Amino acid sequence: MGSGSLLWNLTKKYLTVGVIGLTITDRYASIVPVRGGSMSPTFNPRTNTVLGSLDDRVLIEKFCLAKYKFSHGDVVVFRSPSEHKQKLIKRIIGLPGDWIGTPQNDVIKIPEGHCWVEGDNPASSMDSRTFGPIPLGLVQGRATTIVWPPQRVCQVERRILQDRFPPSA
């Protein structure tokens, strides 16, 4: 009877920790890996090391999702508009109502409820230049801190690319 009680107590403790952990990662914050070079040099600046590619891991805060509180230059994680199982990480270039100049010399107005995202390394980034403005509902959080590897731990810098906005009339 004693071992059954011990097993039940352990099960309750692990279940409690699991539910709390799941709640935290779903509602407040999570850590996600950054794969590929589309956000280099911000993330994964060196892809060729002795051990191969060493992907950065970033802390994603989700408090910004409550009222879609995003700013120009924020780095966000979102579901791909074309492949919903895939998560992408890019920088917000334009918010609803902004006019954005594209590399093809077009000017696009970002519709309400959408944002324009681009990778820091345009040569290897699939972003809004490929699939257009993305719905804010696909955004899953804002990257705040690189937490891995240890030598790269730092805050994620908010950078605004001024050359993406058309000249004022």
Side-chain angles (χ1 to χ4, degrees), residues 24-48 53-149 152-169:
I24 289 171
T25 60
D26 188 48
R27 305 198 107 215
Y28 305 112
S30 61
I31 295 175
V32 299
V34 178
R35 308 248 189 256
S38 70
M39 284 297 292
S40 183
T42 303
F43 303 121
N44 300 336
R46 291 174 292 157
T47 54
N48 295 330
S53 175
L54 189 60
D55 295 334
D56 287 348
R57 303 277 192 274
V58 295
L59 178 67
I60 303 298
E61 66 93 0
K62 299 181 180 185
F63 293 108
C64 59
L65 299 176
K67 295 183 181 176
Y68 297 114
K69 294 180 183 176
F70 302 108
S71 300
H72 294 93
D74 282 347
V75 176
V76 294
V77 171
F78 61 96
R79 296 252 180 220
S80 168
S82 57
E83 195 176 322
H84 294 291
K85 290 184 178 182
Q86 182 181 25
K87 289 183 184 178
L88 303 172
I89 186 165
K90 307 290 179 204
R91 190 175 302 278
I92 292 181
I93 304 299
L95 293 166
D98 287 348
W99 291 89
I100 298 294
T102 67
Q104 296 80 21
N105 293 323
D106 294 333
V107 178
I108 297 172
K109 184 175 183 183
I110 308 302
E112 283 302 313
H114 291 72
C115 64
W116 189 271
V117 295
E118 292 182 9
D120 289 354
N121 181 3
S124 68
S125 181
M126 192 167 81
D127 49 34
S128 287
R129 293 169 297 167
T130 305
F131 41 73
I134 64 159
L136 289 172
L138 294 179
V139 177
Q140 306 226 301
R142 175 182 21 232
T144 60
T145 309
I146 299 173
V147 295
W148 188 262
R152 297 219 350 103
V153 171
C154 66
Q155 295 292 318
V156 175
E157 183 182 324
R158 178 183 290 156
R159 288 191 307 142
I160 300 172
L161 306 174
Q162 296 297 333
D163 64 331
R164 306 301 289 129
F165 296 96
S168 300

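Owing to the predicted nature of the structure, the values given are computational and were not obtained by experimental measurement. If you read the sequence from its start, that first residue is 1, and numbering goes on from there.
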TODO: Given side-chain contact (heavy atoms from CB on, under 4.5 Å), test Arg79 with Lys87 step by step and report yes or no.
DONE: CA-CA 5 Å; Arg79 296 252 180 220; Lys87 289 183 184 178; 3.7 Å; yes

Task: Lys62 NZ to Thr144 OG1 distance, which is reported to the nearest 0.5 Å - done: 12.0 Å

- [ ] Among Val76, Asp74, Ile89, find the residue that satisfies the side-chain contact (heavy atoms from CB on, under 4.5 Å) test when tested with Val117.
- [x] Val76

Taking the side chain as C-beta and beyond, is there a heavy-atom pair between [X] and [Y] under 4.5 Å?
X: Asp120; Y: Phe43; value: no
X: Met39; Y: Asp56; value: no
X: Asn44; Y: Arg35; value: no
X: Ser30; Y: Val77; value: no
X: Trp116; Y: Asp98; value: no
X: Ile60; Y: Gln140; value: no
X: Ile110; Y: Leu95; value: no

Task: Exam field: side chain Arg142 to backbone Lys69, donor-acceptor pair closer than 3.5 Å - done: yes

Task: Expected output: side-chain Asn121 to main-chain Gly37 donor-acceptor under 3.5 Å - done: yes

TODO: Could you please spell out the steps behind the side-chain contact (heavy atoms from CB on, under 4.5 Å) verdict for Asp55 and Val34?
DONE: CA-CA 6 Å; Asp55 295 334; Val34 178; 5.7 Å; no

Non-hydrogen atoms of [X] and [Y] that approach each other most closely:
X: Ser128; Y: Cys115; answer: OG-O, 4.1 Å
X: Ile93; Y: Ile100; answer: O-CD1, 3.9 Å
X: Ala143; Y: Val156; answer: O-CB, 3.8 Å
X: Pro133; Y: Pro111; answer: CG-CD, 3.9 Å
X: Asp127; Y: Gly119; answer: OD2-N, 3.0 Å
X: Gly73; Y: Arg91; answer: O-NH1, 2.9 Å

- [ ] State whether Glu118 and Lys90 are salt-bridged, where the test is any N-O pair (Lys NZ or Arg NE/NH1/NH2 against Asp/Glu carboxylate O) under 4.0 Å.
- [x] no

- [ ] Give the C-alpha distance, both sets of side-chain angles, the deciding distance and a yes or no for side-chain contact (heavy atoms from CB on, under 4.5 Å) between Ile31 and Leu59.
- [x] CA-CA 5 Å; Ile31 295 175; Leu59 178 67; 4.1 Å; yes

Task: Ile146 and Val153: CA distance, side-chain angles, deciding distance, side-chain contact (heavy atoms from CB on, under 4.5 Å) verdict - done: CA-CA 5 Å; Ile146 299 173; Val153 171; 5.8 Å; no

